[in-house]
Number of protein chains: 2
Amino acid sequence: MVTLAEVARHAGVSASTVSYVLSGKRSISAPTRERVEHSIKELGYHPNAGARALASSRSNILALMVPLRTVYVPVMMEIAIAVATTARSHGYDVLLLTGEEGPAAVRRVTGSGLADAMIVMDVELEDERLPLLHAARQPTVLIGLPADTVGLTCVDLDFTATGALCAEHLAELGHREIAVVGEAAAVYERHTGFAERTLEGLRRRAGELGVRLLHRPCEGSYESMDGTLSRIFDERPGTTGFVVQNEAAIDPLLSLLRRQGRAVPEDVSVVAVCPEQVATQASVRLTSVAIPAEEMGRRAVELAVAKLAGQPLEEQVTLLAPELTVRASSGPAPGTS
Amino acid sequence: MVTLAEVARHAGVSASTVSYVLSGKRSISAPTRERVEHSIKELGYHPNAGARALASSRSNILALMVPLRTVYVPVMMEIAIAVATTARSHGYDVLLLTGEEGPAAVRRVTGSGLADAMIVMDVELEDERLPLLHAARQPTVLIGLPADTVGLTCVDLDFTATGALCAEHLAELGHREIAVVGEAAAVYERHTGFAERTLEGLRRRAGELGVRLLHRPCEGSYESMDGTLSRIFDERPGTTGFVVQNEAAIDPLLSLLRRQGRAVPEDVSVVAVCPEQVATQASVRLTSVAIPAEEMGRRAVELAVAKLAGQPLEEQVTLLAPELTVRASSGPAPGTS
DNA sequence: CATAGTCGTCGAAGCGCTTCGACACTCCTT
DNA sequence: AAGGAGTGTCGAAGCGCTTCGACGACTATG
């Protein structure tokens with residue numbers, strides 16, 4: 001284990017000089033710097049993280065709280081990877097916390113100085129971790145939007161606008177009866193904001209445009225999709241447009257529609273809210289609003305880093321504008337000229 | 001920020017006593033212990049992670065290297081969650097490293113004492129991180145099997161046995177021509193061991209049982225599955241059994257078979273190698289060999305913790321025995337009495 | 001040419017914790 | 001009654017780093 005002191009001795013300078021070479025917090029003459037850097041390389045020196053954290057009260061670690069329940073997995077994974085990658089590019093490592101511990105994890109991390117900042121995913125509208133995060137002196141960034149965002153920094157897709165966009169697209173194509181294949185009932189019970197906001201956007205815009213909307217939650221398995229689909233067509237036989245919010249339900253829906261002899265997009269149009277990859281790999285290339293997982297992760301880290309650098313953040317809530325990409329799953333409503 | 005010293009003062013004992021109460025490394029009388037514990041609670045004390053790491057040269061952190069490339073996502077996510085959860089139950093936190101940095105990340109973590117041990121996923125047969133891991137004084141556990149396992153601790157599903165099991169199951173049902181829908185070509189190029197070992201197990205057992213085997217890689221999209229399927233039936237029109245290794249190819253395969261009017265399991269049988277959840281949620285409940293992601297993650301952590309505790313590990317390579325669950329996608333070959 | 005300012009370096013004082021040896025007891029043992 | 005063997009607690013010495021103030025050596029200024 002090579003220490004700073006050994007590097008200093010090897011280079012013939014004091015320990016503090018080596019430290020300043022490393023941090024760049026004071027100017028060091030070129031020859032000295034080179035000598036030190038050479039010694040560092042030669043000895044294979046790596047600063048000890050613990051000592052550094054203790055002395056500077058900075059750990060250079062970002063904590064990321066992911067949900068334990070493994071719903072909408074690909075999005076979560078993509079965000080996590082984006083967070084890890086972006087964090088590294090800013091000199092931070094990422095500590096992975098599962099939601100399991102809940103508030104206790106927040107207390108532990110903020111109390112122990114393990115991490116410099118927290119990024120919290122899967123925020124519920126009335127999240128029990130919120131009061132703690134408020135109280136902590138650590139910067140926090142939420143991915144998702146709680147009910148009350150006062151004093152919080154949040155990043156999320158603008159799901160209300162997303163819903164509106166989907167409604168608009170289908171209305172423009174002449175669809176008059178739209179069914180929303182929602183998330184599993186459990187998601188609504190937990191009051192995860194995004195599901196409700198999407199629905200709200202859909203409802204409002206559909207109302208404005210004179211389109212009838214029917215919402216049904218769906219677990220995402222073939223069985224449940226089958227049931228949901230039957231109930232939808234029983235209740236609203238004239239349904240020609242679908243908005244799918246539950247990623248897992250996409251394949252079952254397409255499969256079942258095909259089996260029922262309903263052609264996409266000739267008989268029914270489908271719009272999905274999902275990552276690009278899912279939209280392009282489905283059996284029909286899906287018209288979709290992308291969930292910009294990578295961007296959300298990246299932005300969250302950038303906001304956290306900015307806060308750590310002491311930059312006052314002008315906007316506390318960053319809502320990413322949704323973009324609808326038209327692909328092969330949506331077209332004019334039947335009977336439209 | 002409450003410190004150990006403040007707790008000590010509050011409880012009327014010395015700092016070292018508080019430390020021993022916390023660690024349990026020396027016996028403390030019941031009344032003293034209670035007094036200290038009470039002070040800890042009252043002051044809301046949390047030991048500072050950096051100071052602890054510095055003084056004890058233990059960070060209580062496990063590093064987990066996940067692959068950057070987002071292939072076979074659900075498995076990865078499940079392993080990661082299992083690692084995080086199990087680690088917490090042993091008092092460890094998890095540092096998330098992406099494969100992106102490769103060997104540099106290994107150097108950084110082992111050099112800086114950031115983590116006490118490493119768990120590496122997505123190991124290639126001739127992984128470039130291996131030499132470094134060998135040299136590091138940190139315990140390491142691999143999830144996956146490299147070519148040379150001497151001196152390494154590894155956990156993996158026994159993919160050779162998995163392949164053999166699939167071949168056996170189909171052979172027993174009377175299938176004489178089997179097609180293997182493999183992973184994307186890139187996976188083989190990277191020499192990720194599991195794909196090749198599965199194939200080897202399949203080939204050997206098929207050979208022993210007199211079954212013809214055709215292996216074709218597949219990207220997992222509908223287009224590529226379509227192409228792969230055509231080529232398979234062109235080349236071997238008598239194919240009645242499928243083994244699917246690529247999780248992403250499952251839905252496309254079932255969908256396409258249905259479209260071609262081939263019934264599962266009446267005309268063709270399908271056996272998948274995938275997590276249970278995927279097998280039970282597909283449009284046909286799949287006969288499958290489960291990938292025990294949760295167990296792999298858990299075992300990896302347990303091995304790492306055992307190594308940290310200085311326990312000599314009797315078995316260096318832990319191969320989990322595959323289990324084949326018969327569901328609705330496999331049945332007797334057509335024409336079998 | 002004295003004075004102020006800048007630059008580059010050093011020494012020392014911690015950061016908050018763990019851990020080792022020491023010490024004062026109490027309780028057996030002989 | 002004296003010696004030995006635990007117990008329970010304390011003090012002090014670090015762990016390896018950052019950072020502050022100090023200081024000598026220059027350069028610019030009037």
Side-chain angles (χ1 to χ4, degrees), chain A residues 1-37 39-40 43-61 91 108-116 137 308, chain B residues 1-37 39-40 43-61 91 108-116 137 308:
Chain A
M1 198 71 275
V2 188
T3 70
L4 216 186
E6 295 175 48
V7 174
R9 202 173 318 129
H10 186 272
V13 298
S14 75
S16 47
T17 300
V18 177
S19 177
Y20 286 124
V21 167
L22 250 30
S23 69
K25 290 191 180 172
R26 285 200 183 173
S27 56
I28 298 288
S29 70
T32 307
R33 182 180 22 261
E34 277 156 27
R35 208 139 36 84
V36 171
E37 278 164 356
S39 296
I40 288 176
L43 301 179
Y45 168 72
H46 280 272
N48 174 36
R52 196 166 244 204
L54 176 56
S56 65
S57 38
R58 280 297 190 101
S59 64
N60 286 304
I61 289 180
R108 194 161 52 82
V109 169
T110 61
S112 67
L114 235 185
D116 295 336
R137 70 214 170 307
L308 284 171
Chain B
M1 197 69 279
V2 189
T3 69
L4 217 192
E6 295 175 48
V7 174
R9 203 173 317 128
H10 186 272
V13 298
S14 77
S16 45
T17 301
V18 177
S19 178
Y20 286 124
V21 167
L22 251 31
S23 69
K25 292 193 178 171
R26 285 202 185 173
S27 55
I28 298 288
S29 69
T32 307
R33 186 185 15 264
E34 277 155 27
R35 208 140 34 85
V36 170
E37 278 164 358
S39 297
I40 288 176
L43 301 179
Y45 168 72
H46 279 271
N48 175 36
R52 197 165 243 207
L54 176 56
S56 66
S57 38
R58 278 297 190 102
S59 64
N60 285 304
I61 289 180
R108 194 160 52 81
V109 170
T110 60
S112 67
L114 236 185
D116 295 336
R137 68 212 172 309
L308 283 172

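Only a predicted model underlies this, so the values are computations on that prediction, with no experimental measurement involved. Computation of the quantities below employed the complete heavy-atom set of this structure, encompassing side-chain atoms and omitting hydrogens, waters and symmetry-equivalent molecules. Naming: A, B, ... by sequence-line order, numbering from 1 per chain.
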Reading 5' to 3' through nucleotides 11-18 of chain C, protein heavy-atom contacts under 4.0 Å coded B for base, S for sugar-phosphate only, - for none: B--BBBBB
OP1 or OP2 of dG8(D) under 4.0 Å from side-chain N/O of Ser29(B):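 Ser29(B) to dG8(D) OP1/OP2: no side-chain N or O under 4.0 Å.
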At what distance, to the nearest 0.5 angstrom, does [atom1] of [X] lie from [atom2] of [Y]?
X        : Y         : atom1 : atom2 : result
Glu6(A)  : Leu43(A)  : CD    : CG    : 7.0 Å
Met1(A)  : His46(A)  : CE    : NE2   : 8.0 Å
Thr17(A) : Leu4(A)   : OG1   : CG    : 10.0 Å
Arg26(A) : Ser19(A)  : CZ    : OG    : 10.0 Å
Ser16(B) : Lys25(B)  : OG    : NZ    : 14.0 Å
Ile61(B) : Leu114(B) : CD1   : CG    : 6.0 Å

Backbone of Ala11(A) reached by a side-chain donor or acceptor of Arg35(A) within 3.5 Å: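 At least one qualifying donor-acceptor pair exists.
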Within-4.5 Å side-chain heavy-atom neighbours: [X] and [Y]:
X        : Y        : answer
Tyr45(A) : Leu22(A) : yes
Val2(B)  : Val7(B)  : yes
Val18(A) : Val13(A) : yes

Nearest-nucleotide comparison on DNA chain D, the residue closer to the 5′ end among Ile28(B) and Arg26(A):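 In this pair, the answer is Ile28(B).
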Bend angle of the helix from dC1(C)-dG30(D) to dC27(C)-dG4(D), end axes from five pairs each (to 10°):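 Overall, the helix from dC1(C)-dG30(D) to dC27(C)-dG4(D) bends by 40° from one end axis to the other.
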Stretch residues 108-116 of chain B: residues that reach within less than 4.0 Å of DNA chain D through a heavy atom: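 Heavy-atom cutoff 4.0 Å gives no residues at all.
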